[in-house]
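Written out below as structure tokens is the structure these notes cover.
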Amino acid sequence: MRIAFMGTPDFAVPSLEALVLAGHTVCGVFSQPDKPVGRHQNRLQPTPVKTCALAHGIPVFQPEKLKDGTVLGQLKKLDPELIVVAAYGRILPDDILSLPPKGCINVHSSLLPRYRGSAPINWAILNGDSESGVTIMDVVHELDAGDILAQASTPIGPTETAEDLHDRLAQLGALLLTETVQKIQDGTVTRTPQDPELITYAPMLSRALSPVDWSRGATEIFNQLRGLYPWPGASTDIFTGEPVKLWGAQVIETHSDAGPGAIRKANAQGIDVVCGDGQTLRILELQAPGGKRMSAADYLRGHPIQVI
RNA sequence: CGCGGGGUAGAGCAAUUGGUAGCUCGUCGGGCUCAUAACCCGGAGGCUGCAGGUUCAAGUCCUGUCCCCGCAA
């Protein structure tokens, strides 16, 4: 099938690769414009999808605007039967959506209608879900609201981070995408509207989510740590007054009457902090400002902590 | 040259206005106790990232360079 692909970050790369590998003709790839990324912002960096497309010799388009008709004209020349969108990061105007005869579909990293929005993977873990998945749905005017063509679920491991799940869902999404495209080609695909009763949203992440509230339960805080991994991460300032990032932890199921935020132990095993439900969160890996990540044992050699 | 923090013993951190480079852990030896990641004594381990410069004297001030981290995405 002749397909135009739209995507930007790492998550979309396996989907693009899978389409190419399945033998489809990817006639053009649209990705966000190169932006200065990283510590030295004097050089532009291509998006992961762009790099992948160029490696396959596929023409790449990086429009700043989608609504001025230029992109519509380019698409008409490419003449795709189908448009596949995967984490493109832009809202497509209606005239583009209605252009390809086989429609315009999206790979979304949640079990819609749960977690519409830009950070579904993170919010699934933040909320302590035990299951996640990917959805292939129609792209419609309203964000992430189109009819569902296919879904695949996967359990979330109890200690899995958002980064881990992201990588797994990218693979799962690519697999489900190629299966669905095949069904579209065969004319066997079915569409199911989303149940309005079940809609939830997964808003964009920010550093405002990082500070830990120790009055919450140990598992909730652990979920915060996993869900915000690796960005923006969870942080606390109760050790030295400076905010340290918490990278690794485990819940210890012992009950304590000490108040939330009390530090019961600080040794080579980790730093045990009492949480709001009386259980303990043992910090295993952390990072001081300006420093690099290190084990609790290493951290404690240079940062003495008062045990309460 | 986008902004900022940082490279000091195996690890993590100190070092006042430039003036003998220290602390904790680890490590080695010894002692005490033989329930202890316990405690006591002693030792080893440094060209302070690299290269220049200023100075009687540089971890500290100046210039250049390499690497790490945060902001930003």
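This is a predicted model, so every value here is computed, not measured. Residue numbers start from 1 in every chain, and the chains themselves are labelled A, B, ... in the order their sequence lines are given, proteins ahead of strands.
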Work out how far the P atom of B:G64 is from that of B:C1, and round it to whole angstrom. 15 Å

Which value, in whole Å, describes the distance between the C1' atoms of nucleotides B:A58 and B:G52? 14 Å

Can you tell me which nucleotide in B:C69, B:C13, B:A37 comes closest to the side chain of A:Gln287? B:C69

Residue A:Trp231, side-chain heavy atoms: nucleotide from B:A37, B:A73, B:C13 that is nearest: B:A73

Atom pair distance, as rounded to whole Å: CG in A:Asp272 and P in B:A37: 17 Å

Quantified in whole Å, what is the C1' atom distance between nucleotide B:G42 and nucleotide B:G4? 45 Å

If the C1' atom of B:U48 is compared with that of B:G22, how far apart are they to the nearest Å? 13 Å

If you measure from the P atom in B:C68 to the same atom in B:C40, how many Å do you get, rounded? 41 Å

Now, which nucleotide makes the Watson-Crick or G-U wobble pair with B:G52, with each of the two distances under 3.5 Å? B:C62

With rounding to whole Å, what would you report as the distance between B:A35 and B:A21 at their C1' atoms? 40 Å

Using the P atom on both, measure B:G49 against B:G6 and round to a whole Å. 13 Å

Grab the CG-P distance between A:Asp298 and B:A37 for me, whole Å please. 20 Å

Begin from the C-alpha positions of A:Asp129 and A:Arg114 and carry the test salt bridge (charged side-chain N to carboxylate O under 4.0 Å, His left out) through to its verdict. CA-CA 11 Å; A:Asp129 292 2; A:Arg114 286 179 62 74; 3.3 Å; yes

Using Watson-Crick or G-U wobble geometry with both distances below 3.5 Å, tell me the partner of B:G42, or none. B:C28

From CG of A:Asp10 across to P of B:A73 the rounded distance in Å is 18 Å

Value for OG1 (A:Thr159) from CD1 (A:Ile156), rounded to nearest 0.5 Å, stands at 11.5 Å

Is there a path from A:Leu78 to A:Ile96 through hydrophobic residues (I, L, V, M, F, W, Y) whose side chains come within less than 4.5 Å of each other? yes

Can you tell me the distance, in whole Å, between the CE atom of A:Met294 and the P atom of B:G6? 15 Å

Quick one: are A:Gln182 and A:Thr180 in side-chain contact, heavy atoms under 4.5 Å? no

Whole-Å distance, A:Glu242 CD to B:C13 P, equals 11 Å

May I ask which nucleotide in the shown strands pairs with B:A21, Watson-Crick or G-U wobble, both distances under 3.5 Å? none

Does B:G2 have a Watson-Crick or wobble mate here (both distances under 3.5 Å), and if so which one? B:C71

With nearest nucleotide decided by heavy atoms, which residue, A:His303 or A:Gly291, maps closer to the 5′ end of RNA chain B? A:His303

Euclidean distance, atom CZ of residue A:Arg301 to atom P of B:A14 [Å, nearest integer]: 16 Å

Would you indicate which nucleotide in B:G70, B:U24, B:C69 comes nearest to any side-chain atom of A:Lys292? B:C69

A:His303 and A:Phe239: aromatic ring centres closer than 6.0 Å? no

Roughly, in whole Å, what's the span from CG in A:Asn267 to P in B:U24? 18 Å

Rounded distance (Å) that lies between atom P of B:G12 and atom CZ of A:Arg293: 15 Å

Quiz question: by atom type and distance under 3.5 Å, do the side chains of A:Gln45 and A:Asp34 form a donor-acceptor pair? no

Using the C1' atom in both, what is the distance from B:A57 to B:A38, to the nearest Å? 45 Å

Scanning all shown strands, the Watson-Crick or wobble mate of B:C47 with both distances under 3.5 Å is none

